[in-house]
K.L.:
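The structure follows.
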Amino acid sequence: MVEFAVEMLNITKTFGSLVANDDINLQVKKGEIHALLGENGAGKSTLMSILFGLYQPDKGVIKINGQEVKIRNPNDANDLGIGMVHQHFKLVEVFSITENIILGSETTKYGILDLETSKKKIEQMSKEYHLEVDPNAQVSDITVGMQQRVEILKMLYRKADILIFDEPTAVLTPQEIDELMKIIRSFADDGKTIIIITHKLNEIKQIADYCTVLRKGKKIATVDVKKTDISALANMMVGREVSFSVEKTPAKIEEPLLIVENLTFKEHKSNKEILSNVNFSVNKGEIVTIAGVDGNGQSELIKIITGLFTPTSGRVIFKDTDITNTSIIERIEKGMGHIPEDRQKMGLILDYTLAENMILNSYFKEEFSSKGILNKEAMIDYTNRLINRFDIRSSSGSLSIVRGMSGGNQQKAILAREVSRDPDLLIAVQPTRGLDIGAIEYIHKELIAHRDKGKAVLIVSFELDEVLSISDRILVMYNGEIVVSLDASKTNADELGLYMLGAKRGELNGE
Amino acid sequence: MENKRENSALRSYGQKVLSRFKEFRVSSTMDKIKASVISALGGILVGLIIMMLINFQGVIDFIITLASGKFKFDPNTYIIGSIVQSAPILIAGLSVAFAFRTGLFNIGASGQILVGGITAIYIGHLISLPGPLHFLVALIGAIIAGSIWGGITGTLKAYFNINEVVTSIMLNYVAAHLVKFLSRQKLVFDLFRSQTKMLPKSATIPTLGLDRLFPHSGFDISIFIAILTAILVFIILEKTTLGYQLKAVGYNPLGAKTNGIKYRRNIILSMLIAGALSGLAGGIIYLSGANATQIRVQINIPGEGFDGISVALLATNSPIGVIFSAIFINFITQFGSLVEGASTFKKEISDVIIAVIIYFSALSSITLYYLNVRKRKRLKHNSELNKEGDE
Amino acid sequence: MELIYNILQATFFTMTPLLVVALGGLFSERSGVVNIALEGIMVMGAFIGIFVISMIEGGSIPGQLVLIIGVIVGGLVGLIFSVFHAFASINLKADQTISGTALNIFAPAVAIFVARSMLGGSKEIKFLTVFRIKRVPFLTDIPILGRIFFEDFYITFYVGLIILLISWFVLYKTRLGLRIRACGENPHAADSVGINIYKIRYIGVLTSGFLAGMGGVIFIISASQAFAASVSGYGFLAIAVLIFGNWQPKKILFASFFFGLMTTLAAMYTEIPLLKGLGLSEEFYNMIPYIATLVVLALLSKSSKAPKAVGVIYDKGAR
Amino acid sequence: QDEKKGHESYTPSYSTANKKIGLVTDVGSIDDKSFNQTSWEGIVDFAETNGLAIETNYKYFQPSGGSNAGTQDYITAINNAINWGAEIVVCPGFLFEVAIYEIQEKNKNIGFVLIDGTPNEGNYEDVYVAPNTVSILFKEQESGFLAGYAAVKDGFTSLGFMGGMAVPAVVRFGIGFIAGAYLAAKENNNTEFSFNKDHYTYVGKFEADPNIKTRAESWYNAGVEVIFAAAGGAGSSVLAAAQEGQDKWMIGVDKDQASDSPRVLTSATKGVHSATVLALESFYQSNFDVGGQILNLGAVDDGVGLPLGESWRFSSFTIEEYQSLYDKLVDGTINVPSTHETLKTYVEGLGYTLNLSFEDIGM
Ligand SMILES: Nc1ncnc2c1ncn2[C@@H]1O[C@H](COP(=O)(O)OP(=O)(O)OP(=O)(O)O)[C@@H](O)[C@H]1O
Ligand SMILES: Nc1ncnc2c1ncn2[C@@H]1O[C@H](COP(=O)(O)OP(=O)(O)OP(=O)(O)O)[C@@H](O)[C@H]1O
Ligand SMILES: [Mg+2]
Ligand SMILES: [Mg+2]
């Protein structure tokens, strides 16, 4: 009989009427790297949360190292040596790295927190596992990659030997991903057991021994990764054939629409220069993507273009007019569309209905209101049209409260709102973040279709695959500067990675 | 710089205080009504139990006294009176509810009431106009003054990111002192009573003879003004683009801003309106009653502003609900007087009951949860959805 | 010089209740629960605390001990009273503003109701003892500082300072403090490392109840010689001080000192030539503390350090 | 307007069989150390001598609205008392003036006792005391006069006055207090004496407040030795300051407050208590023969004075001296000023100049 480190048998978990896990079996051997694969909402995080004691299953048994156990809370999980890096990091931003790592397992001396000892221990661990962190840094100041290292250290600090990673690579650069893969591998070599959730099939292929596929809460199969190819995995996951490449015709570039001139932006408090002398333009009929590691000024750049921030110096010219100081609504009226980086905080009013959200930047138009009175019928008609065209799914159609919609559908709603206004310039920041393959495919198609109408599209993305497949032109941002402008068809991931990490600087083609 | 301020504005305290109100949005009107009614009944029940615990015989005697007619039960005082006199807290409740709906906690209604009141009184004395016109002008003055006072809070929040709770608390005191000063100026001062002079009849709120039809009730048209105002507020919030913008900013300032809705302008606008409503309440308070009510030369923060909070909360911030909750709360207050008259209990029992009602209404989602099995799933579902919002 | 001593002494007694109560609020809000009920809790604490003082004073127990007993009783009553708020907002996930408002209405109503119904028709509870300490041997004789800090003072001022030190220490130096702060910032993070959010939030709210109850007694004994079912809005002012102090102990000390100082200046304006020279009406002097606070806030306040999760109902399952 | 002035004269017929007496308090409560309390004590006193029971025979009612209560609230509270069955309703305080004016003729067979005020429709153009109402006023200036005189005679030279609100009764207390102080100063041959205008104020409320205490304290620190607090509950904040000061005193008001603290020098009392008893006796024993009258009680009627006996805390000022001054009030030798103008004349008549300006405190 094989010794399993983790066995989850017949696990069922429902949320109200929704069955998130339906009679799932998962068995993981000691020292194995086991991948969990599935679409958005397939139930992967739920299953792992159960293993970690965050949720109680409605039915089913969990065995750790052959022993049946009850995991009522994360403490129980810790005691069993289970650690988890969550999909959404569970870090206290205003705490230092040390404080975050020790939280819940603090060492004290005479009742006083013994931060020094803990710090030493962390420093030592970080050397041992090649997880470089500065124990004194505050989490809100560090990069996402480092935050992830903190999360991993948190597990190790608690001496976990069953490690769960929930989508650990979603936020990392290729180089960081490579690094992480090595670390995970070394954990496995040390005899630790690893469960990793990811949407990225090549990663599974690269690192995992076995893979369990979930679909709509049900387990589809557990396969030996070495004996299964990527397209088979994808088919299992989605239940149909998927295409991996985006089909698009070459761009028909026309005159420039947006020109950014000598843009500099300093943070008010620290006076730190976030953007230094940024220059570029976006032309009608092309998709320009700004690639780069998160936190290199992309967010600020877009906020300046869309009017949320005012630059320290420089100009933004849109349709031959200087719009550096015009209001957001004027820019929208002038033909700018914006799919913001944070769909819930910036894109939508979650407590409004879908219909109310669809007119968020056009409610004052004659179509939707007269003399200050909203025309609800027009609003609903309009929304119903969009629902049909963009296939937005929700429980009560145009009257659904957006808070209750799934992330993918929320994203589609924003896309629908912005695209349907037919803006001359569509700006989209991370338009497919956290979405599954199906949804990504759809959104990419829409963006390309928009370009094909002769409009300009400006995208910010941290996903290299996305950048490479959708762009006509790629601008790489590093440390507040645009370091290179590349023709998308003439570059590859490795080259981009070098620019993104600042290891290389290039020509700004014709800028 | 703009962005910094914006970010911290987002994290602002008031916002956090309010986050829970967003939940109400998910439940249906019927649910809200049910929750309020259950809270009300629960509060009355608990009040009764407290009374019985203190003095069981007293409760029996109270009932006997009422039933036997030994205590003259005058419906004009105890029923009509409690309905028609609820106008001030009704409008104050609207002010608080309006602010809540647009993401602000207006704990400064009291100050706005005072400033509105003193303005009405000044206009009452300064200008002479015929009958209804005079009172209307005074009332409009009150609205404008209250609006300006509320606007200060909004402006400080919009431009300096000062939490509206702090500003409101501070401005209540500033108003108290300012109004004390204004009320002892020669023009309006009644030396013999150390309060403002009696207003001419033309400046007081018309009674249309209703006070004679229902003696002792204090009936004038202020209750009608209040109800009309509630309907107006309902229309603004639910039917107009103005309400649409204001609520959007209230629910999600950054989201609204990103989509071109002007954050600062709307914060200020929202406080201007909330202040205007409180100012109106002030006008109603000081222009109605037998000879209108005078402002005494004292440091005073009128209780109506705080009653407004209770009224709004019990009504789950629905303007139409506010009509009922104001009348109900005022009814409980009058009930206190009745109890004091017809039993050995003191009238403060009514405040105890109101407190319990408000406490229960805080628990309304739980109340409903246990009461309504059919809805149980949905509520749970909703709470899940909120989480997705936190991602 | 004399004037400065007097101003500082008066400032100390005005600021003490604000400091203590705002620190109470700090614990609650740092753990993630808005506590707008501070006013009500103060009333409740003062009610029973002063009642106890009026019962035991004049007997064999020395005055300062009577005071300490009264303050502690007030604290305990506040603690018990705040359980209602904790239960509603933590266990039942109720709206924290509503529950707090209910407590604010409840406390004075009950204090008057009980006093009128049971304590012989009077809503006032009087006490006779003077708790102010004239001087202390040696300490008062220290040049300058002795007079500022050890002449004509209340022991409660030092109680307040000790509470401040303890609060700072607990919040920033102990395991409990780390956990409290974590719960107010990101309860999901705390939960994922096995911290019991409910327990920590109970500790936060009950501590705020304890301190606010104490603050109620401290307020009354330094403000008058009787309790009449009111603490004159000091609970709300304490909330203002908490926000003014940006949820940090040190800044709360500053905020309460500033507010106390301004209040003192306003009350004493006739004795301060500079102020009197302005020749304003009395009411305008009385507005000083409130307007000055707003001005300072306008100058300072750009970034608020409110605990991120304050007022957000914690739901275990949330992601 | 006119319809109001058409007062008919009538002869009320009272039912006195049930012996039900109601008291409606104004903003204060029955323990406000002021007229609410003293009139309640008068009722209790009357009840006890006549074997009446609380709740059954006498009871007090509080209007809603707190310190913001208006006429409508008073009318409701009075009606509440009448609905309870009150045969006579005692209303302490001028705030009831309009309410009683409104209600007295609608309840012809109910007796009303209005203390510190006269029924009128709000601007004193039409003062009308119906046959079923008695209006009782006091010469507070005489009481304040006695207190001011006694304090200065006793050796105090620096005095302060804190009124609650500048209502007529409180104002008269203050005026008399100053007048008495100047007279005593003259008799002491203290030509330097002056009542410092900074130490004369109205605090704006009748409730305790830390600011009032700070204020009183600052006065004491500035050398004031005794403060006359004619401020109801706010007096307790002044008292707190006095207790904590070195050798500082407070003068109480309305009733004897000696038992509140050893620091209460004396109290400028007025006979609300006995006047209430008088009105009730008149109602129940003589068919309310004081009805329709305005009584203005002063030293002559034993309506004002300082408490003697145990409460006498002066060190050098003697009861004999007090008696002789009191006699002068009774026989009219001394006519105490009751307005700012007469005060000015009075003080100047004594050879002093009054440097008080009442304008900047809102008079
Ligand atoms: N706490 C909860 N309450 C209610 N429903 C939940 C809860 N957590 C998850 N769900 C629902 O359960 C389903 C599975 O969610 P889960 O997070 O496990 O998906 P996932 O496979 O991790 O998806 P993703 O790839 O988007 O992370 C979803 O429909 C989700 O909406
Ligand atoms: N708690 C809920 N209440 C109401 N409807 C819900 C809830 N959770 C999910 N739904 C609905 O069920 C459907 C599936 O939700 P789920 O979160 O599983 O979506 P998903 O598979 O993650 O989709 P996406 O790929 O768009 O993220 C959605 O259309 C959503 O509207
Ligand atoms: Mg999903
Ligand atoms: Mg997941």
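Lettering of chains follows the sequences in order, A, B, ..., and the numbering in each one begins at 1.
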K.L.:
Is D/Glu97 in contact with chain B via its backbone, its side chain, both, or neither, using a 4.5 Å heavy-atom distance?
P.N.:
side chain
K.L.:
Chain B heavy atoms under 4.5 Å from D/Leu95: which part of the residue, side chain, backbone, both or neither?
P.N.:
side chain
K.L.:
For B/Glu340 versus D/Phe61, what's the shortest heavy-atom pair and its separation?
P.N.:
OE2-CA, 3.2 Å
K.L.:
Using modelled atom types and a 3.5 Å cut-off, is there a donor and acceptor pairing between side-chain atoms of B/Arg193 and backbone atoms of D/Gly122?
P.N.:
yes
K.L.:
Is any side-chain heavy atom of B/Arg184 closer than 4.5 Å to one of D/Tyr202?
P.N.:
no
K.L.:
Can you tell me which portion of D/Gln62 sits under 4.5 Å from chain B's heavy atoms? Options are side chain, backbone, both or neither.
P.N.:
both
K.L.:
Contact part of B/Thr65 toward chain D, heavy-atom cut-off under 4.5 Å: side chain, backbone, both or neither?
P.N.:
neither
K.L.:
Would you check, one step at a time, whether the test side chain to side chain contact (heavy atoms under 4.5 Å, CB included) holds for D/Thr76 with B/Gln334?
P.N.:
CA-CA 9 Å; D/Thr76 306; B/Gln334 293 285 27; 4.1 Å; yes
K.L.:
Just give me the residue among B/Ile295, B/Thr344, B/Thr77 that pairs up with chain D most often, heavy atom to heavy atom, under 4.5 Å.
P.N.:
B/Thr344
K.L.:
With only heavy atoms counted, which part of B/Gln185 is less than 4.5 Å from chain D, the side chain, the backbone, both or neither?
P.N.:
neither
K.L.:
Looking only at side-chain N and O atoms, does D/Asn79 offer a donor or acceptor that is under 3.5 Å from a partner on B/Tyr78?
P.N.:
no
K.L.:
Do the side chains of D/Glu121 and B/Lys201 get close enough for a salt bridge, i.e. N-O under 4.0 angstrom?
P.N.:
no
K.L.:
Taking B/Ser350, B/Gly81, B/Ser217, B/Ser343 one by one, which has the highest count of heavy-atom pairs under 4.5 Å against chain D?
P.N.:
B/Ser343
K.L.:
Is it true that a side-chain atom of D/Asn80 and a backbone atom of B/Ser337 form a donor plus acceptor pair closer than 3.5 Å?
P.N.:
yes
K.L.:
So for B/Lys347, is it side chain, backbone, both, or neither that comes closer than 4.5 Å to the heavy atoms of chain D?
P.N.:
side chain
K.L.:
Examine whether an atom of D/Val203 lies under 4.5 Å from a heavy atom of chain B, and if so say whether it belongs to the side chain, the backbone or both; otherwise answer neither.
P.N.:
backbone
